[in-house]
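Residue numbers begin at 1 in each chain, while the letters A, B, ... track the order of the sequences.
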Number of protein chains: 2
Amino acid sequence: MKMNKREFKDKVYIELSTVAKAMANPVRLEIIDLLAQGPFSVEQIANYTEQSIANASQHLQHLKKAKLVQISRNGNFIYYSLASESVYNTWVSLRELGKVFNTEIAKVVHDFRKGQSKGMQAIDAATLATMLEKDEVVLLDVRPEEEYNRGHIHRALSIPVDHLGQSLKKIPHKKMLVAYCRGPFCVYADEAVAMLTRKGYHAVRLEEGFPEWALKGYPVDYTTSK
Amino acid sequence: MKMNKREFKDKVYIELSTVAKAMANPVRLEIIDLLAQGPFSVEQIANYTEQSIANASQHLQHLKKAKLVQISRNGNFIYYSLASESVYNTWVSLRELGKVFNTEIAKVVHDFRKGQSKGMQAIDAATLATMLEKDEVVLLDVRPEEEYNRGHIHRALSIPVDHLGQSLKKIPHKKMLVAYCRGPFCVYADEAVAMLTRKGYHAVRLEEGFPEWALKGYPVDYTTSK
DNA sequence: AATCTATTCAATTAAATAATTGAATAGATT
DNA sequence: AATCTATTCAATTATTTAATTGAATAGATT
């Protein structure tokens with residue numbers, strides 16, 4: 001039987017709202033932000049988001065049902081990843097919407113960074129690209145090394161933030177330091193800049209993360225980990 | 001007192017989920033899709049979405065609280081519009097996510113169009129642009145005239161779908177007809193193509209709507225309605 | 001086959017969301 | 001000031017959602 005206009009529109013918007021509902025939860029948004037960095041196991045996701053494994057798993061089932069994530073298996077571990085680039089694109093749109101327009105988010109980010117270090121500064125990708133061309137900065141990737149290996153900004157040194165204390169001697173004083181991590185809401189770079197600043201270095205963070213840098217077409221490298 | 005990392009992330013993702021929640025409802029998604037076409041009053045929005053005025057207003061309050069819409073006033077009427085282009089961009093990302101990846105939406109669209117007319121075809125914006133350059137088609141804007149006046153595809157004739165019956169003599173037989181309306185989930189173009197096909201015309205619809213065409217940088221016109 | 005580990009499932013409880021209905025309100029109009 | 005129109009608000013009811021807890025399961029490993 002022929003579907004009428006109202007039935008059609010109702011069905012389409014109900015389906016789309018299912019996708020939007022999958023994203024309408026803070027824990028699931030954090031999971032999507034994390035998976036933008038690559039595949040992670042349930043245990044890792046639970047760890048990074050500070051949820052119970054059961055709760056993380058339930059949220060992952062919700063995302064899977066909405067077809068936003070997909071799984072692969074390695075031994076006992078099940079790895080989750082974003083199902084497609086359009087999931088990432090929608091996450092980025094939503095984040096931009098929140099950043100540009102929800103002043104509360106900007107305020108939270110600003111307050112957090114100010115609490116980390118007075119005069120905390122961030123530069124954007126275009127500025128970094130120019131500085132790298134002029135060889136003016138030392139670039140630090142302060143994510144876990146596994147993520148560095150999956151892909152990193154061209155010429156970045158890998159110094160995970162929790163190893164930063166014991167790695168200071170590797171870092172030249174002469175040039176300005178730029179630290180980057182997973183993205184605007186990841187705080188590894190904030191922590192790194194705070195520590196480096198306390199040790200007398202001139203350090204700032206990159207606003208974007210590796211995925212945004214890559215998406216903008218700037219040069220990236222990969223480490224073959226074999 | 002200094003905000004810790006977990007507090008920071010929780011606050012940021014909760015704020016962002018507020019935005020996502022505003023979109024996580026089929027009625028509000030339809031409202032956003034409608035407002036992508038320009039400002040509408042509460043009464044118009046209630047009419048087009050087939051909701052009560054009270055319900056439409058409640059959803060609009062929800063969208064307003066999330067800062068996704070803004071208002072202006074004209075006499076007794078309050079007009080709602082999308083608060084920024086990034087609201088529209090997020091809507092488009094979500095819709096693309098749904099179209100590309102949620103096969104149920106594609107099926108609903110296909111089933112609806114098949115119910116309208118066997119052999120129902122749609123072309124995309126790039127195809128239309130080429131055909132217009134070669135002067136191969138007659139382009140019909142089948143939206144309400146008010147929306148045509150706000151902006152339309154270059155060289156489109158305005159023939160609102162509910163006037164199509166009495167406007168057939170205006171339409172040449174010799175060329176292929178392309179009908180367009182508000183976007184992929186608007187059915188004015190489907191209805192127009194069904195009617196034209198029954199009357200012996202060779203007609204197809206444009207997949208995209210006017211906003212997508214404009215966003216892709218293709219030529220547009222405006223009618224000064226004074 | 002037995003055991004282990006990571007993960008999922010199910011039930012419960014509490015909180016959040018949404019449509020309806022009628023009342024109230026905000027401006028505009030007279 | 002009185003009246004009107006469009007819109008918003010508030011209470012109610014039903015539905016949906018989410019965290020917790022403990023049980024169950026799916027594969028891997030031995």
Side-chain angles (χ1 to χ4, degrees), chain A residues 6-7 9-11 13-32 34-35 39-81, chain B residues 6-7 9-11 13-32 34-35 39-81:
Chain A
R6 179 44 42 195
E7 284 168 347
K9 291 175 93 76
D10 285 349
K11 279 177 192 273
Y13 292 114
I14 285 173
E15 280 301 315
L16 268 184
S17 74
T18 298
V19 178
K21 278 173 178 176
M23 290 179 142
N25 172 275
V27 176
R28 291 198 291 278
L29 283 179
E30 186 169 359
I31 291 175
I32 290 169
L34 181 65
L35 297 184
F40 289 89
S41 69
V42 180
E43 203 170 23
Q44 289 177 308
I45 292 166
N47 271 340
Y48 281 124
T49 60
E50 292 180 59
Q51 302 295 317
S52 68
I53 288 182
N55 200 28
S57 182
Q58 289 210 133
H59 284 299
L60 285 164
Q61 297 319 303
H62 205 292
L63 291 171
K64 193 168 156 217
K65 196 175 176 191
K67 296 192 182 98
L68 300 186
V69 299
Q70 65 199 7
I71 65 176
S72 63
R73 193 164 194 133
N74 184 1
N76 268 332
F77 292 94
I78 297 188
Y79 283 87
Y80 280 80
S81 51
Chain B
R6 181 39 45 193
E7 283 167 347
K9 291 177 92 78
D10 284 348
K11 280 181 191 269
Y13 291 115
I14 284 172
E15 281 300 316
L16 268 183
S17 74
T18 299
V19 178
K21 279 174 180 175
M23 293 182 141
N25 171 276
V27 175
R28 291 198 291 279
L29 283 180
E30 185 168 359
I31 291 175
I32 290 171
L34 180 65
L35 297 184
F40 288 89
S41 69
V42 180
E43 202 170 23
Q44 288 177 308
I45 292 167
N47 271 341
Y48 281 123
T49 59
E50 294 181 56
Q51 302 294 318
S52 68
I53 288 182
N55 200 27
S57 182
Q58 289 211 132
H59 283 299
L60 285 164
Q61 296 319 304
H62 206 291
L63 290 171
K64 194 168 156 222
K65 197 176 175 189
K67 298 192 179 95
L68 300 187
V69 299
Q70 65 200 6
I71 64 176
S72 62
R73 194 166 193 132
N74 185 1
N76 268 331
F77 292 95
I78 297 190
Y79 283 87
Y80 280 81
S81 52

Rounded distance (nearest 0.5 Å) linking atom CG of A:N25 with atom CD1 of A:I32: 9.5 Å
Pairwise distance CG(B:L68) to CZ(B:R28) - rounded to 0.5 angstrom: 9.5 Å
Partner set under side chain to side chain contact (heavy atoms under 4.5 Å, CB included) for B:L34, not counting sequence neighbours: B:F40, B:I45, B:Y48, B:R182
By side chain to side chain contact (heavy atoms under 4.5 Å, CB included) - contacts of A:T18 (at least two apart): none
Residue pairs fulfilling salt bridge (charged side-chain N to carboxylate O under 4.0 Å, His left out) with at least one residue in residues 42-68 of chain A, sequence neighbours excluded: A:E50-B:R6
Distance in Å, A:S41 OG paired with A:N76 CG, rounded so as to fall on 0.5 Å steps: 11.0 Å
Residues forming a side chain to side chain donor-acceptor pair (under 3.5 Å) with B:Q70, sequence neighbours excluded: none
Results of ring-ring contact (aromatic ring centres under 6.0 Å, His included) for A:Y79 - residues two or more places apart only: none
Helical bend (five base pairs per end, nearest 10°) for the helix from C:dA1-D:dT30 to C:dT30-D:dA1: 30°
Of residues 53-64 of chain A, the positions that come close to DNA chain D - non-hydrogen atoms, cut-off under 4.0 Å: A:A54, A:N55, A:Q58, A:H59, A:H62
DNA chain D: 5'-proximal contact among B:V42 and A:V27 (nearest heavy atom): B:V42
Sugar-phosphate only, base, or nothing, as touched by A:Y80 at under 4.0 Å among non-hydrogen atoms: sugar-phosphate
Strand-adjacent residues in residues 14-23 of chain A, judged by heavy atoms under 4.0 Å from DNA chain C: none
Sequence-distant partners of A:A54, side chain to side chain contact (heavy atoms under 4.5 Å, CB included), two or more places apart: A:S52
Side-chain heavy-atom pair B:H59, B:T49 within 4.5 angstrom cut-off: no
Exercise: identify the closest heavy-atom pair between B:K9 and A:E30: CE-OE2, 3.2 Å
Positions of residues 66-77 of chain A (non-hydrogen atom under 4.0 Å from DNA chain D), listed by number: A:R73, A:G75, A:N76
Nucleotides bounding contact with chain A, strand DNA chain D, heavy-atom threshold 4.0 Å: D:dT17 to D:dA28
Summary of salt bridge (charged side-chain N to carboxylate O under 4.0 Å, His left out) pairs that have at least one residue in residues 68-79 of chain B, sequence neighbours excluded: none
